[in-house]
Amino acid sequence: MTLWGGRFSEDPHEELMTFTADRSDRRLLQDDLLGSAAHTRMLGEVGLLSEEEARQLVEAIGDLLEEAREGRFEFDDADEDVHAAVERRLHDAIGPLSGKLHTGRSRNDQVALDLRLYLSRATHRRVAQLKSFGRILADKAEEVGDTVVPSYTHLQQAQAIPLAHHLLAYAWMLLRDIERLEEAERRIAISPLGAGASGGSSLPLDPRIVADELGMTGTFANSLDAVSSRDFVAEYAFCCAQALTHLSRLGEELVLWSTTEFGWVTFADRFTTGSSALPQKKNADIAELVRGKAARVIGDLTGLLTLQKGLPLSYNRDLQEDKAAVFDADDTLAGALAALSGMVASAEFDPPAPSSWVTALDLAEILVERGIPFREAHQAVGRLVARLLSEGKTLAEVSAGELEAAHLSFIPEDLEIIDPKVSVERRRTAGGGSYVSVLDQLAELRSLLGEA
Ligand code: ARG
């Protein structure tokens, strides 16, 4: 059903309806009903509906809400959108009184309200999932204890660090994803209802009542902005895209770390897949798909920005396309978090010790402590590295004599620091790759991420 027959002399063509009707908005049903109930109460309070009319309408909307919650609400393929479906069902239930629901309202402010309510709720769900995944990372960091791995720059071994430090780097990224979503939600929870089709209404509406009733933080300041802006949708999609981009980087590392070449980690069989052709294979497909799906969500965000670009004020039907994109972004993030959580929780880490080369900076810093300029210390250790490499040796094989030959300020006891574990123990920088820093981070993350 459509909501606009009056000025037309023929029925809508089938192709028009096929092309323009929306199905993606059906998941806004509950929000549409909640918004409609709040709108009805407001109409009652300002006297546009009698008390009895408002009561009857709110009750009928309540029944539909129950149908919606129990999955009993029936859509009709002829419904132009979710708003038309609700009015059709209301008309079935209470007859002509249903025609008063749309008083002072347009689908333009209505759909913006519905989407804002939906994304507000989605924010809380995604934040809960992100927190839970952050806690899994913190648990893993605790579990791997004092395991040392190399840090990498340019994918070359750089310095010795606790594996926990590497895992916690992702927890901090997720924490910012959480903050970003929560901040975005403040802008999402603004009610556009009362803006009408574009310029407001001659009726004595009170947008504040609707916003309060729905627990939203404020109302619109400009009706054109209220019905036509979708920055809140793009921002939500950005939050999803950025979080998935973080997960994608982690996914890439999990794939790399589970290779025979790295041999750092194995995952439970139930979170890995096999090959139809190669019997020996055990693949980290969840991690690969997280990486792949990040690409799709970046596409959703790009689509949402492009949708707004060049669109004249105020509402245009183009905006109907916002829903499929943002739902896809949100669903994909939800799915990635659920799957990756199980996989990471099942991870067993057993990385090989880093090579002794990761202590080269420690040798240079020992000289710095003795007053040698860093550049000179760097040169001396660099020359030592080159010599050892040309002799086919590693830093672990250097002798006290060779060390003293590399720089006069070295002493034989300095050989002791050519050990990745010692390197980690000597690390001092707050937030650096030391055990003390890991413990500090764990305490702070635990308090920020809260309990399950
Ligand atoms: N389904 C439409 C959307 O998602 C609802 C608003 C339609 N407004 C209109 N004037 N045709 O944007």
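In listed order, ligands and their atoms are each counted from 1.
- Enumerated by chain and number, the residues approaching ligand 1 to less than 4.0 Å through a heavy atom are Asp81, His83, Arg107, Asn108, Val111, Tyr315, Gln320, Lys323.
- Remark: side-chain polar atoms of Asp25 are paired, donor with acceptor, to backbone N or O of Val82 under 3.5 angstrom.
- The aromatic ring centroids of Trp172 and His246 lie 6.0 Å or more from each other.
- Judged by the 6.0 Å distance and 45° axis criteria, Arg27 is positioned over the aromatic ring of Phe327.
- Considering only heavy atoms from C-beta on, Leu57 stays 4.5 Å or farther from Leu43 through its side chain.
- With hydrogens and angles ignored, the 3.5 Å screen pairs a side-chain donor or acceptor of Thr217 with a backbone N or O of Ala189.
- In this structure, the side chain of Asp109 engages the main chain of Gly194 through a donor-acceptor pair within 3.5 Å.
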